[in-house]
Amino acid sequence: MLPARYAPILFGLILSGLMSLLVSAISTLRAVGPKADFLDLWVGAWLTAWLIAFPVVLLVAPLTRRVAQHLVGKSGLD
């Protein structure tokens, strides 16, 4: 079990991994179609996307949290 202080990093890792997995699958499928090498192309696209998405999520999360708090009020995200 990880200490609680790692929760934001773990959240960013999981969120960026899942979102980049989904978006890269859709993008790859639309770009090349259901070809025999689709899985190889998808995994390559996903890993590249995740490599970029993870640090971006960590960087923009505080700003996104502040915008959300502003839109719903502080008590909405407690």
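Reckoned from all heavy atoms, side chains included, excluding hydrogens, waters and symmetry mates. Since we're looking at a predicted model, the values are computed, not measured.
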Same cluster (ILVMFWY, side-chain, under 4.5 Å), L47 and M19: no

From L29 atom CG to S24 atom OG, the distance as rounded to the nearest 0.5 Å: 11.0 Å

Under the ring-ring contact (aromatic ring centres under 6.0 Å, His included) test, residues paired with F38 that sit two or more places apart: W42

Shared-cluster residues of I26, by chain and number - hydrophobic side chains joined below 4.5 Å: L22

Separation of L39 CG from T28 OG1 (nearest 0.5 Å): 10.5 Å

Quick one: side chains of residues 2-16, donor-acceptor pairs under 3.5 Å with protein atoms, not counting sequence neighbours, listed by atom name and distance.
residue : atom : partner : partner atom : Å
S16     : OG   : G12     : O            : 2.7
S16     : OG   : L13     : O            : 3.2
S16     : OG   : W50     : NE1          : 2.9

Linked hydrophobic residues, V60 as query - side chain contacts closer than 4.5 Å: I52, V56

Partners passing side-chain contact (heavy atoms from CB on, under 4.5 Å) against A49 (at least two apart in sequence or in another chain): S20

